[in-house]
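Just so we're on the same page: letters track the sequence lines, and every chain starts at 1. Atoms considered below: every heavy atom in the structure, side chains included; atoms not considered: hydrogens, waters and symmetry mates. Worth saying up front: this structure is predicted, and the values here are computed from it rather than measured.
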Protein chains: 2
Amino acid sequence: MTARRRGDLFDPECPTRQLLDRVGSKWTAMCVLVLDETGTELRFSELKRQMSGISQKVLTETLRALERDGLLTRRVEPTSPPRVHYGLTARGQSLAAPLRQLRWWAEENMPGVDDHRRLYDRKRAR
Amino acid sequence: MTARRRGDLFDPECPTRQLLDRVGSKWTAMCVLVLDETGTELRFSELKRQMSGISQKVLTETLRALERDGLLTRRVEPTSPPRVHYGLTARGQSLAAPLRQLRWWAEENMPGVDDHRRLYDRKRAR
DNA sequence: CAGAATCCTGCGAGATACTG
DNA sequence: CAGTATCTCGCAGGATTCTG
């Protein structure tokens, strides 16, 4: 494995920044969480249905990126029409853990954040 | 607190999505992590220095957004020139915990991800 | 069914200049 | 020092069409 400076959040090459760029891309985290929650492999159309709102193009791109990162596997059944199954790798599953934490935090705290936003906006309004 | 549907990752109003949008915005997580790591309040210029690469405009926007969310406090010393201190609120500190987890994961796994990317690209090249 | 190929648009974010 | 106020641009991501 390539060595990287640890704890250097200020380096653009910093792993944390790279991860946040990835996780920040609108659908990545959701994709990992859906697969993790399901526990099994999912087919393209099943994923698309569950991630409502995503376009085919973007889903394809998201899956390719995750496959490239080694976070999920792509398995093609050579039937006609083809069936393609996506599942998390071990590393993908390990990423799901911190993402679940984040999700937990969000569910606990976002409503409060929302309220604070409203208060803040009301104050600034006058 | 406003009630929200839990576990509905598919709803655009879902708290997890909202959080990921926020965390995904390039500098937010880094800002929280820097303040958390420091443990004390930081002044605008200190923050700017530590988050190397960020522009004044974007730092201001980031801080405003976090203040609006109730994740950090803004304290102005009415001197001339003014000194402005930023610090995490309790909720901001609680967000730092899952972010640290993510950071930990990144430091452990991103080098491996990098290697996988290179392998993947080499295969696709031919 | 699972995509590939295009075209198009909004907005996040950088650069620059000015101020109390 | 700690901001506002503009201008600009790239590109993530959406819509649409076509295919093995």
Side-chain angles (χ1 to χ4, degrees), chain A residues 9-10 12 14 17-32 34-35 40-69 72-87 120 124, chain B residues 9-10 12 14 17-32 34-35 41-69 72-87 120 124-125:
Chain A
L9 218 49
F10 324 127
C14 157
R17 275 214 200 174
Q18 290 183 23
L19 176 66
L20 287 172
D21 282 353
R22 186 43 65 79
V23 164
S25 85
K26 202 167 177 182
W27 300 97
T28 307
M30 185 169 167
C31 189
V32 172
V34 165
L35 281 169
T40 68
E41 291 185 326
L42 286 176
R43 295 178 51 191
F44 187 87
S45 50
E46 291 170 327
L47 271 167
K48 178 156 164 41
R49 186 158 22 84
Q50 297 216 34
M51 300 166 69
S52 87
I54 195 171
S55 70
Q56 271 176 352
K57 177 200 161 198
V58 173
L59 178 53
T60 301
E61 288 170 351
T62 303
L63 292 170
R64 285 287 181 282
L66 287 172
E67 187 195 1
R68 177 169 177 262
D69 288 352
L72 64 74
T73 56
R74 182 172 181 270
R75 186 170 61 80
V76 184
E77 269 187 77
T79 59
S80 174
R83 293 158 163 254
V84 186
H85 303 259
Y86 293 93
Y120 185 91
R124 299 228 89 194
Chain B
L9 218 50
F10 323 128
C14 157
R17 274 213 201 175
Q18 290 182 23
L19 175 66
L20 287 171
D21 282 354
R22 185 44 63 79
V23 164
S25 85
K26 203 168 178 183
W27 300 97
T28 306
M30 186 167 165
C31 190
V32 172
V34 165
L35 281 168
E41 291 185 325
L42 285 176
R43 294 180 51 192
F44 186 86
S45 50
E46 291 171 328
L47 271 167
K48 178 156 165 42
R49 189 158 19 85
Q50 296 216 34
M51 300 166 67
S52 87
I54 195 171
S55 70
Q56 269 175 353
K57 177 199 160 199
V58 173
L59 179 53
T60 301
E61 288 169 353
T62 303
L63 293 170
R64 285 288 181 280
L66 287 172
E67 187 196 1
R68 177 169 177 262
D69 288 351
L72 63 74
T73 57
R74 181 171 182 271
R75 186 169 60 80
V76 184
E77 269 187 76
T79 58
S80 174
R83 292 158 164 253
V84 185
H85 303 259
Y86 294 92
Y120 185 91
R124 299 228 87 194

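Under 4.0 angstrom from either OP1 or OP2 of D:dA2 there lies at least one side-chain N or O belonging to B:Ser45. Here B:Lys26 reaches the OP1 or OP2 of C:dG14: one of its side-chain N or O atoms lies under 4.0 Å away. Distances shown here put every side-chain N or O of A:Arg22 at or beyond 4.0 Å from the OP1 or OP2 atom of D:dA12. Distances shown here put a side-chain N or O of A:Arg64 below 4.0 Å from the OP1 or OP2 atom of C:dA4. Contact annotation: A:Tyr86 side-chain N/O to C:dG3 OP1/OP2 distance is under 4.0 Å.
We find the CZ-CZ distance between B:Arg75 and B:Arg83 to be 10.5 Å, quoted to the nearest 0.5 Å.
Of all heavy-atom pairs between B:Val34 and B:Leu47, the closest is CG1-CD2, 4.2 Å. The two residues A:Ala29 and B:Leu20 have their closest heavy-atom pair at CB-CD1, 3.6 Å. Shortest non-hydrogen contact noted between B:Gln56 and B:Lys48 is CG-CE, 3.7 Å.
The CG-C1' distance, from B:Asp21 to C:dC11, rounds to 13 Å in whole Å. Regarding B:Leu63, its CG atom lies at a distance of 11 Å from the C1' atom of D:dG3, rounded to whole Å. Rounded to whole Å, the distance from CD on B:Glu77 to P on C:dG20 is 22 Å. A straight line from CZ of A:Arg83 to P of C:dG3 spans 14 Å, rounded to a whole angstrom. Rounded to a whole Å, the CG atom of B:Leu59 is 17 Å from the P atom of C:dG12. If you measure from atom CD of A:Glu61 to atom C1' of C:dG3, you get 12 Å, rounded to the nearest angstrom. Distance A:Arg17 CZ to C:dA13 P: 12 Å, rounded to the nearest Å. Atom pair B:Arg43:CZ and D:dG3:P shows a separation of 10 Å (rounding to whole Å applied).
In terms of position along DNA chain D, the nucleotide closest to A:Gly24 lies nearer the 5' end than the nucleotide closest to the other residue of the pair A:Gly24 and A:Gln56.
Closest to the side chain of B:Pro82, out of C:dA13, C:dA2, D:dC1, is D:dC1. When the nucleotides C:dG3, C:dG14, D:dG3 are ranked by their closest atom to the side chain of B:Arg74, D:dG3 comes out on top. Checked against D:dG13, D:dC1, C:dA2, the side chain of A:Val58 finds its nearest nucleotide in D:dG13.
Heavy atoms of other residues, nucleotides or ligands lying less than 6.0 angstrom from CZ of B:Arg43 number more than 12.
With A:Tyr86 as the fixed residue, the side-chain hydrogen bond (donor to acceptor under 3.5 Å, both in side chains) test singles out one of A:Glu46, A:Arg74, A:Glu67, A:Glu41: A:Arg74. With respect to B:Val32, the side-chain contact (heavy atoms from CB on, under 4.5 Å) criterion is satisfied by exactly one of B:Thr62, B:Val23, B:Leu66: B:Leu66.
Residue A:Ser25 is in sugar-phosphate contact alone, with no base atom involved, counting any heavy-atom pair closer than 4.0 Å across all strands shown.
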(request) Apply the test side chain to side chain contact (heavy atoms under 4.5 Å, CB included) to residues A:Phe44 and A:Thr60: give CA-CA distance (whole Å), side-chain angles for both, the deciding distance (0.1 Å), then the verdict. (result) CA-CA 9 Å; A:Phe44 187 87; A:Thr60 301; 3.6 Å; yes
Anything under 3.5 Å between a protein N or O and an N or O of nucleotides 5-11 of chain D, put it in a table, one pair a line.
none

